[in-house]
Amino acid sequence: MQERMHVLILGSGGREHALAWKISQSPLCSKIFVAPGNSGTSNIAQNIALDLRDFESIVQVILKFHIQLVVVGPEEPLVAGVCDYIKERLKASAPMLIGPSKASAILEGSKVFAKNFMKRHHIPTADYKVFNQDEYDEALQYLKSAQQPYVIKADGLAKGKGVRITHHQSEAIEVLDSFFKEGVLGDSGKQVVIERFLEGKEFSFFVLLDGKSWKILPSAIDFKYAEDGNMGALTGGMAAVSPVPFLSKNFKDRLLKDVVEPTLAGMKKENLMYTGFLYFGMIQVDGKPMVLEYNVRLGDPETQCILPLLKSDLLALLCAAAKQELSSSRMRHVRKSAMALVLASSGYPHKYKIGFPITGVNLITDALLFHAGTHLNKENMHETAGGRVLSVVSVGENFTGILPHLIKEAEKIRFEGVVYRKDIEKYIQ
Ligand code: GLY
């Protein structure tokens, strides 16, 4: 019998609340710490205020609270090398770590690397060209000869602002200017990928890796547009559903054969394998799976609806992954459907105000509620603290009726400027 353990989750979003919720159900868990967390995680875990860029403070938390397993939620610390830092500092006494090294996180941290990796390993993806800041004229020429819509991707991490799709050449040139000339994304925008626009159905596919073998998590669709009708700005995600309704057995077999297996084989060949989650940002084009991007973590808000569909003990799976014993574990999925609806602050993903009181949290009795941009004020009341504030999640036999039910639950929550999508059901086929 394995001893019960202290788990540290790094991050403060809905994804991290959902991870804490699922891990807290494990008999292997004795206590969860979330750093920095939100007001939802404080109900099931101990929040620890720290800056995720300050790796030494993370090490101090690991030492102080005798942490045995760390799950890294967001991409920034992964790409900046948090796992390497912890391993290097604590050597043999380092906890089990769920997240890649900095070297492997380049799959998410550099779009240029990811596209070239796909090309090297014959993984289906959109045709593309790479330009750096010194090649502004060549990039301009290429844009002028390209067909609209124009897809321009900044190389580095950009908090969701790095991928721009436009139908007008003049706007595409403005995007290029903003990256190369105005430096709006700093170093992240010093190289760009300009790629062919793919028309199709987007979806997300997740695997848990142990460095040698892997297990499949429930799949999901993420609804990125801020407004109904798939209008408005592209966000980190305003809703998600799981599983992907069009992921038939044949299509999944093809996805595994054409994308997942060659990606993992390529990672092994290039020494990029790791312990953690790999998220394939996918699109189905004429029945064919094509890769839009790789992420080296779970998605948000996808996690909020995939974890309620996971029957297995997540903490046991994470321990197995850390010990390279995943091949003898089973990842069991519940054969139901889940939907997560994000309640956001008006103005998100651009300018929005925070600090508004949130009421109605206790009235959510018929759905799961995951916090994201929330915190507790001096009077111990929930307050908005971010763009994506909460997500309500419901699980049903199928998708029929889930959205109206979630909207009814969402209506119980009040804060100034609350916005959410009300039409995603019509995009699920
Ligand atoms: N929902 C998109 C992401 O997590 O990257």
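Within the 3.5 Å criterion, the main-chain N or O of Lys212 finds a donor-acceptor partner in the side chain of Lys268. At distances below 3.5 Å, at least one donor-acceptor pair connects side-chain atoms of Asp210 with backbone N or O atoms of Leu326. Between the Ser204 side chain and the Ile221 main chain, no donor and acceptor come within less than 3.5 Å of each other. Checking side-chain atoms of Tyr128 against main-chain N and O of Val193 turns up no donor-acceptor pair under 3.5 Å. Side chain of Gln284 to main chain of Gly200: no donor-acceptor pair is present (N/O by atom type, distance under 3.5 Å, no hydrogens or angles). Checked by atom type and distance alone, the side chain of Asp228 pairs as donor or acceptor with a backbone atom of Lys422 at under 3.5 Å. No donor-acceptor pair closer than 3.5 Å links the side chain of Ser391 to the backbone N or O of Val342. Side-chain N or O atoms of Arg388 include none that pairs as donor or acceptor with a backbone N or O of Gly13 at under 3.5 Å. No donor-acceptor distance shorter than 3.5 angstrom exists from the side chain of His405 to the backbone of Ala367, with no hydrogens or angles considered. In this structure, Thr235 contributes its side chain and Ala226 its backbone to no donor-acceptor pair below 3.5 Å.
For the pair Lys190 and Asp187, the salt-bridge criterion is met [side-chain N within less than 4.0 Å of a carboxylate O]. Here Glu293 does not pair with Lys153 in a salt bridge; the nearest charged N to carboxylate O distance is not below 4.0 Å. Between Glu409 and Lys412 there is a salt bridge, with a side-chain nitrogen of the basic residue lying less than 4.0 Å from a carboxylate oxygen of the acidic one. Between Glu76 and Lys159 a salt bridge is recorded (basic side-chain N to carboxylate O distance below 4.0 Å). We find that Glu227 and Arg421 are not joined by a salt bridge, their nearest charged nitrogen and carboxylate oxygen being 4.0 Å or further apart.
When each of Glu16, Glu302, Glu75 is checked for a salt bridge (Lys or Arg N to Asp or Glu O under 4.0 Å) with Arg297, only Glu75 meets the rule.
The two residues Leu97 and Cys83 come nearest to each other via the heavy atoms CD1-O, 3.7 Å. Closest heavy-atom contact between Pro289 and Pro124: O-CG, 3.3 Å. In plain terms, the two heavy atoms of Leu217 and Val207 that are nearest each other are CD1-C, 4.1 Å. Considering every non-hydrogen atom in both Pro74 and Leu52, the closest pair reads CG-CD1, 4.0 Å. The minimum heavy-atom distance between Lys336 and Pro243, with the atom names listed, is O-CD, 3.4 Å. Between Glu202 and Phe246 the shortest heavy-atom distance is O-CZ, 4.2 Å.
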Full working for side-chain hydrogen bond (donor to acceptor under 3.5 Å, both in side chains) between Asn38 and Ser12: CA-CA 6 Å; Asn38 54 44; Ser12 60; over 6 Å; no
Trace of the side-chain hydrogen bond (donor to acceptor under 3.5 Å, both in side chains) decision for His382 with Ser39: CA-CA 7 Å; His382 299 289; Ser39 65; 2.9 Å; yes
Ile9 and Thr41: CA distance, side-chain angles, deciding distance, side-chain contact (heavy atoms from CB on, under 4.5 Å) verdict: CA-CA 10 Å; Ile9 299 169; Thr41 58; over 6 Å; no
Stepwise side-chain hydrogen bond (donor to acceptor under 3.5 Å, both in side chains) test for Asn250 and Ser248: CA-CA 5 Å; Asn250 279 353; Ser248 63; 5.7 Å; no
Residues Ser26, Asp313; criterion side-chain hydrogen bond (donor to acceptor under 3.5 Å, both in side chains); working and verdict: CA-CA 6 Å; Ser26 170; Asp313 177 337; 2.9 Å; yes
Intermediate values then yes/no, salt bridge (charged side-chain N to carboxylate O under 4.0 Å, His left out), Asp286 and Lys288: CA-CA 5 Å; Asp286 298 329; Lys288 206 176 139 201; over 6 Å; no
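By the neighbour-count criterion of 12 heavy atoms within 6.0 Å, atom NZ of Lys408 is sparsely surrounded, having that number or fewer from other residues, nucleotides or ligands. When the shell of 6.0 Å around CG of Asn271 is examined, it contains 12 or fewer heavy atoms from other residues, nucleotides or ligands. Tyr225 OH: 12 or fewer foreign heavy atoms inside a 6.0 Å radius.
Aromatic pair His66/His6: ring centres not closer than 6.0 Å. Note: Phe131 and Phe179 fail the aromatic proximity criterion, with ring centroids not under 6.0 Å apart. Between Phe280 and Tyr294, the distance separating the two ring centers is shorter than 6.0 angstrom.
Ring planes of Phe117 and His121: tilted class, angle from 30 to 60°. In this pair, Phe223 and Tyr427 present their aromatic rings tilted. The plane angle is within the 30 to 60° band.
We find the CD-CG distance between Glu108 and Leu157 to be 6.0 Å, quoted to the nearest 0.5 Å. Between atom CG of residue Leu264 and atom CH2 of residue Trp214 there is a gap of 6.0 Å, rounded to the nearest 0.5 Å. One distance of note links CD of Glu383 with CD1 of Ile358; it measures 8.0 Å at 0.5 Å rounding. Between Thr359 atom OG1 and Phe415 atom CZ the span is 10.0 Å, to the nearest 0.5 Å. How far CE of Met5 is from CG of Leu28: 5.5 Å, rounded to the nearest 0.5 Å. The distance from atom CD1 of Ile413 to atom CG of Leu343, rounded to the nearest 0.5 Å, is 6.0 Å.
Taking the side chain as every heavy atom from C-beta outward, Leu307 and Phe370 never approach each other to under 4.5 Å.
Judged purely by distance below 3.5 Å, without hydrogens or angles, the side chains of Ser110 and Asp155 pair a donor atom with an acceptor atom. Looking only at atom types and distance, the side chain of Lys115 has a donor-acceptor partner in the side chain of Thr125 under 3.5 Å away.
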